[in-house]
Amino acid sequence: MIAAAGTHGSVDAMRLPWLDRATGHAGIAFYRFLTGHDPADADIRDDEDFDEHVLASILSAAAMEGGSIAEQAGLAEQEFSALVAGRFPLIQISAADRFSPSALIKDDERDMVRDLLLARRSTEGDVGWWLAAMIARRAMEPNHLWEDLGLRERAELSRLLVRHFAPLAARNTRNMRWKRFFYRMLCEDDGFVMCTTPVCTQCNDFDLCFGEETGESLMAERRREFLRSDGCVDAPSNALV
C-alpha cells in the first residue's frame with residue numbers, strides 16, 4: 001500500500017498513475033509523487049535539494065521498469081524503507097505494495113562497483129551509502145549511466161560523484177565516461193591493465209571511453225514516446241497528471 005500523509009488522507013496505491021508502467025510516463029509521475037513537482041522543474045542549487053533530486057530520479061527510473069522498485073534501484077528492503085522515510089517523509093511505501101521490495105540477489109560485479117564507491121566516500125550519513133548501492137545497480141543497465149540513473153544530463157552525475165565520492169571523481173582527470181572509468185579503477189586496484197594500447201589517443205576504442213554522453217533523459221524520452229503514441233506530441237509540459 002502507498003499513502004501520502006497529510007490532510008487529504010491516504011492515496012490508493014492501485015490508482016496512482018505511475019503504477020501503469022506501460023504508458024511510458026511512470027517515471028515522471030513517480031518523481032512528482034515523491035517531490036511534488038516535475039523533474040524539469042527541480043531547483044538543485046542547494047546541495048540538499050540536489051540530493052533529493054538525485055534520489056527521486058533514481059527511484060523514478062527504477063519505477064519505469066518491471067519488478068521491485070527497490071531491487072531495480074539496488075536497495076534491500078530495509079534500505080529502501082529507510083530512504084523513503086528519511087528523505088520523503090510524507091510518502092509511505094510499504095512491503096504490501098505490489099511492487100514490494102524483494103530479496104536483493106547477490107551480484108559480484110555490482111558489489112565490486114559499490115565497494116569501489118564506498119571506499120572513496122566524501123560525505124557522512126546514509127545518502128552516500130544508498131547512492132553507492134544505487135549507482136552500482138544502475139551501472140548494470142545498458143545506457144549511459146546518467147540516463148539509467150534518471151538524471152537530466154551527464155553534468156548532474158559528475159556533480160553527484162564530486163559531492164559524495166570526491167577522491168574517486170578526482171582521479172578521472174581526462175573526463176572518461178564514468179561507467180568505463182569505474183571498471184578501469186577496479187582493474188587497476190586488482191593490478192590488471194584494462195587496455196592494450198599504452199596511449200588512449202592511439203586506441204581504436206577511444207570513443208567508447210571518451211565520446212560524448214549527450215542525449216535525451218530517460219524520463220523525457222519515455223514521456224515523448226507516450227505523447228506521440230497518444231496523439232499529443234504538442235501537449236504542454238504539464239499535460240501528464
Side-chain angles (χ1 to χ4, degrees), residues 18 26-28 30-31 33-35 39 42 44 47-88 91 93 97 99-166 168-169 177-183 185-186 213 217-219:
W18 63 269
I28 291 177
F30 191 42
Y31 185 101
F33 178 59
L34 291 174
T35 67
I44 59 173
D47 282 340
E48 287 297 317
D49 291 338
F50 175 70
D51 286 348
E52 178 185 284
H53 165 67
V54 168
L55 293 169
S57 295
I58 299 173
L59 293 179
S60 297
M64 289 192 289
E65 301 173 359
S68 160
I69 295 175
E71 192 283 326
Q72 293 293 345
L75 299 174
E77 178 177 344
Q78 289 184 337
E79 295 169 333
F80 177 71
S81 298
L83 187 160
V84 173
R87 303 300 300 198
F88 308 102
I91 305 300
I93 304 180
D97 164 34
F99 295 123
S100 60
S102 58
L104 197 61
I105 300 173
K106 182 174 176 55
D107 183 286
D108 290 341
E109 184 178 347
R110 183 200 63 218
D111 292 348
M112 289 170 63
V113 175
R114 181 202 61 202
D115 293 345
L116 173 75
L117 291 162
L118 287 176
R120 294 158 178 84
R121 288 180 59 187
S122 51
T123 55
E124 300 292 335
D126 291 330
V127 175
W129 177 273
W130 294 331
L131 286 173
M134 297 168 91
I135 292 169
R137 169 60 184 85
R138 301 307 296 172
M140 303 298 105
E141 298 299 319
N143 305 304
H144 295 315
L145 181 55
W146 68 269
E147 293 176 320
D148 284 322
L149 290 172
L151 301 176
R152 297 176 294 188
E153 58 182 352
R154 185 182 189 266
E156 291 186 344
L157 172 57
S158 296
R159 177 180 172 182
L160 156 62
L161 294 171
V162 169
R163 169 163 162 71
H164 290 283
F165 309 99
L168 180 64
R177 292 183 178 186
W178 286 113
K179 192 187 299 188
R180 191 80 169 175
F181 175 74
F182 293 161
Y183 286 99
M185 292 299 99
L186 288 173
E213 290 187 87
S217 71
L218 187 62
M219 283 190 277

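One-based numbering along the sequence shown. Keep in mind the model is a prediction, meaning the values are calculated, not measured. Both backbone and side-chain heavy atoms feed into the values below; hydrogens, waters and symmetry mates do not.
Rounding to the nearest 0.5 Å gives a distance of 13.5 Å between CG of Leu131 and CZ of Arg138. Ser57 contributes atom OG, which lies 7.0 Å from atom CZ of Arg152 (distance to the nearest 0.5 angstrom). Atom CZ of residue Phe30 and atom CG of residue Leu34 lie 4.5 Å apart, to the nearest 0.5 angstrom. Here Ile135 contributes atom CD1 and Arg137 contributes atom CZ; the two are 13.5 Å apart, rounded to the nearest 0.5 Å. Atom CG in Leu145 sits 9.5 Å away from atom CE in Met140 (nearest 0.5 Å). If you take CZ on Phe33 and CD1 on Ile91, they are separated by 4.0 Å, rounding to the nearest 0.5 Å.
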- Could you walk me through whether Tyr183 and Glu109 pass the side chain to side chain contact (heavy atoms under 4.5 Å, CB included) test, one step at a time? CA-CA 10 Å; Tyr183 286 99; Glu109 184 178 347; 2.6 Å; yes
- Query: Given the rule in the side chain to side chain contact (heavy atoms under 4.5 Å, CB included) test, do Leu83 and Asp126 qualify, once you have shown the distances and angles that lead to the verdict?
  - Reply: CA-CA 8 Å; Leu83 187 160; Asp126 291 330; over 6 Å; no
- Message: Is there a side chain to side chain contact (heavy atoms under 4.5 Å, CB included) between Lys179 and Glu141? Walk through the geometry before answering.
- Response: CA-CA 10 Å; Lys179 192 187 299 188; Glu141 298 299 319; 5.5 Å; no
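Listed here is the closest heavy atom pair of Ala166 and Ser122: N-OG, 3.0 Å. Here the shortest heavy-atom pairing between Ala73 and Ala62 reads N-CB, 3.9 Å. Scanning both residues, Phe88 and Glu52, for their nearest heavy atoms gives CE2-CG, 3.6 Å.
Salt bridge Asp47/Arg159: present, at least one basic N to carboxylate O contact under 4.0 Å.
Between Glu156 and Ile44, the closest side-chain pair of non-hydrogen atoms falls below 4.5 Å. Contact of the Leu161 side chain with the Leu168 side chain is not registered, since no non-hydrogen atoms from C-beta on lie closer than 4.5 Å. Taking 4.5 Å as the limit, every side-chain heavy atom of Leu59 sits out of range of all side-chain heavy atoms of Tyr31. Residues Leu117 and Phe182 are in side-chain contact: their nearest non-hydrogen atoms beyond the backbone lie under 4.5 Å apart. Contact annotation: the side chain of Val54 approaches that of Leu151 to within less than 4.5 Å [non-hydrogen atoms, C-beta and beyond]. Looking at Met134 and Leu75, their side chains come closer than 4.5 Å, going by heavy atoms from C-beta outward.
Glu48 pairs by the side-chain hydrogen bond (donor to acceptor under 3.5 Å, both in side chains) definition with Arg87, not counting sequence neighbours.
Under the 3.5 Å distance criterion, the side-chain polar atoms of Asp148 are matched with a main-chain donor or acceptor of Asn143.
Under 3.5 Å, the side chains of Ser158 and Trp178 contain a donor-acceptor pair of N or O atoms.
The salt bridge (charged side-chain N to carboxylate O under 4.0 Å, His left out) contacts involving residues 113-123 comprise Asp111-Arg114, Arg120-Asp189, where partners must be two or more places apart or lie in separate chains.
With a 6.0 Å cutoff to the six-membered ring centre and a 45° limit on the axis angle, Arg163 does not count as a cation-pi contact of Phe50.
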